[in-house]
Protein chains: 2
Amino acid sequence: MKEIEKTLENKNVRPTAMRILIYKYMAEKEVAIALTDIENTFTKADRTTLYRTLKTFEEKGIVHQIDDGTNISKYALCEPGCNCELDQDLHLHFHCSNCDETVCLTAHKLPHINLPEGYIAEDANLVIKGICDKCSS
Amino acid sequence: MKEIEKTLENKNVRPTAMRILIYKYMAEKEVAIALTDIENTFTKADRTTLYRTLKTFEEKGIVHQIDDGTNISKYALCEPGCNCELDQDLHLHFHCSNCDETVCLTAHKLPHINLPEGYIAEDANLVIKGICDKCSS
DNA sequence: ATATAAATGCAATGGAAGTGCATTGTTTTA
DNA sequence: TAAAACAATGCACTTCCATTGCATTTATAT
């Protein structure tokens, strides 16, 4: 519990009750979380608070946003050393079309890609869609 | 002109006036097109028609949908041999954060990616964000 | 020419993102 | 400690895009 507080403080985010709960929730889930998921879990809290909590977490480098092609923004906790703002160290994401869950495949780094003349890469996003291990067995 | 009609017929899509116009519009543009773009171009036509035209084009393999991370669906004509439904032959997309345009980099194929045990890939989507050649010069 | 089916137009809905402002709670400092 | 300053939360509302149901028009087939 105290550990989460420290983590938040290290990232310059005030460890409020709500934020600790959301962080804990995301840490327990292994999959990327949508705002709706959090809404359905914390029904007493206001949508805006949850929304802004995610935004704050993202700005402060606590979570990274994932665009898995469903047009619903999802978020996952950054692992230690998850340089999600640098284009050198991007991992890929897997979206299961059966259970609709998205997971970070942190072990899989993106290969370097040579762009045509004049193009400057700042960020990259690779999503593989298919059937996840839970649904394929 | 007749060429477009033939293309549509080959894909089992009736070459109506509207569809030919939209196809022509997309062929002239080198960038991926959003529904809004088409709306602003063909103001006399109904939004729904344009929307359904894109859907039809997508289903029949005339265009492929691109998710560039802006949460706005964009579309681009499939090139001959654009096996966008197969995960072997996927090209990548580049989204410029300055001019907000998205282009297909068809020459750049995705490297093969080994997924963990149990994961079955069906589709993939790689978007690089940054500054495009027009904006960087 | 008529029946049938497809394409289009209109109206309305839904879902998610985002914003302005008032209120509450928590630091800071005088 | 009390007051001022600031951050976090809650409420209401707006916007934007995707999507659907149904009526109408247009094209195809018998």
Side-chain angles (χ1 to χ4, degrees), chain A residues 4-25 32-60 62-75 95 100 102 125, chain B residues 2 4-25 32-60 62-75 95 97 100-102:
Chain A
I4 294 178
E5 289 189 35
K6 271 179 204 161
T7 309
L8 295 181
E9 271 168 358
N10 286 341
K11 299 281 189 174
N12 287 314
V13 172
R14 278 203 203 160
T16 66
M18 199 68 248
R19 286 171 175 172
I20 293 172
L21 281 174
I22 293 179
Y23 189 99
K24 196 159 162 256
Y25 173 72
I33 304 294
L35 177 56
T36 321
D37 298 328
I38 299 185
E39 266 185 79
N40 294 336
T41 308
F42 303 98
T43 46
K44 345 95 195 194
D46 188 79
R47 221 183 70 75
T48 315
T49 304
L50 306 173
Y51 169 74
R52 283 199 258 243
T53 300
L54 283 177
K55 281 282 174 229
T56 305
F57 279 10
E58 192 192 0
E59 280 161 18
K60 297 303 173 65
I62 296 171
V63 303
H64 58 267
Q65 196 186 18
I66 300 165
D67 179 8
D68 62 7
T70 59
N71 270 356
I72 295 170
S73 294
K74 297 188 179 166
Y75 301 85
H95 176 70
D100 203 43
T102 300
N125 184 35
Chain B
K2 289 289 173 200
I4 295 179
E5 289 189 33
K6 270 179 206 161
T7 309
L8 294 181
E9 272 167 359
N10 286 342
K11 298 282 189 173
N12 287 314
V13 171
R14 281 200 201 162
T16 66
M18 199 67 247
R19 287 171 176 172
I20 293 171
L21 281 175
I22 293 178
Y23 189 100
K24 195 160 163 255
Y25 173 72
I33 305 293
L35 177 55
T36 320
D37 298 327
I38 300 185
E39 263 185 82
N40 295 336
T41 308
F42 303 99
T43 46
K44 347 101 199 188
D46 188 80
R47 204 189 132 70
T48 316
T49 305
L50 307 173
Y51 170 74
R52 282 199 259 244
T53 300
L54 283 177
K55 280 282 172 228
T56 305
F57 279 10
E58 193 193 359
E59 280 161 17
K60 298 302 172 68
I62 295 171
V63 303
H64 58 267
Q65 196 186 19
I66 300 164
D67 180 7
D68 63 7
T70 59
N71 270 356
I72 296 171
S73 294
K74 297 188 180 168
Y75 301 84
H95 176 69
S97 47
D100 203 44
E101 286 190 343
T102 301

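In this text the structure is predicted, and so the values were computed from the model without any measurement. Order of the sequence lines sets the chain letters (A, B, ...), proteins ahead of strands, with each chain counted from 1.
- Annotation: side chain of A:F57 is in contact with side chain of A:I22 (closest heavy-atom distance under 4.5 Å).
- Between the CD1 atom in A:I20 and the OG1 atom in A:T7 there is a gap of 10.0 Å [rounded to 0.5 Å].
- Two residues are said to be in side-chain contact when any heavy atoms from C-beta on lie closer than 4.5 Å; A:Q65 and A:L54 fail this criterion.
- Side chains of A:I4 and A:R19 form no contact here, defined as non-hydrogen atoms less than 4.5 Å apart.
- Here the shortest heavy-atom pairing between A:N71 and B:S73 reads ND2-OG, 3.8 Å.
- Rounded to a whole Å, the CG atom of A:L21 is 16 Å from the P atom of D:dA8.
- In this structure, A:N12 places its CG atom 17 Å from P of D:dC6, rounding to the nearest Å.
- The interatomic distance linking B:D37 (CG) with D:dC16 (P) rounds to 15 Å, in whole Å.
- In this structure, the CD atom of B:E39 is 14 Å from the P atom of D:dT19, given to the nearest Å.
- Nucleotides of DNA chain C lying under 4.0 Å from heavy atoms of chain B occupy a range whose first and last members, 5' to 3', are C:dA6 to C:dA11.
- Considering only side-chain N and O atoms, A:T16 lies under 4.0 angstrom from the phosphate OP1 or OP2 of D:dT9.
- Contacts with DNA chain C (heavy atom under 4.0 Å) in residues 41-57 of chain B: B:D46, B:T48, B:T49, B:R52, listed by number.
- Residues satisfying the salt bridge (charged side-chain N to carboxylate O under 4.0 Å, His left out) criterion with B:R47, sequence neighbours excluded, are B:E39.
- A donor-acceptor contact shorter than 3.5 Å links the side chain of A:N125 to the backbone of A:D67.
- Protein atom CD of B:E5 is 13 Å distant from nucleotide atom P of D:dA27, rounded to whole Å.
- The closest side-chain heavy-atom distance from A:Y23 to A:E5 is not below 4.5 Å.
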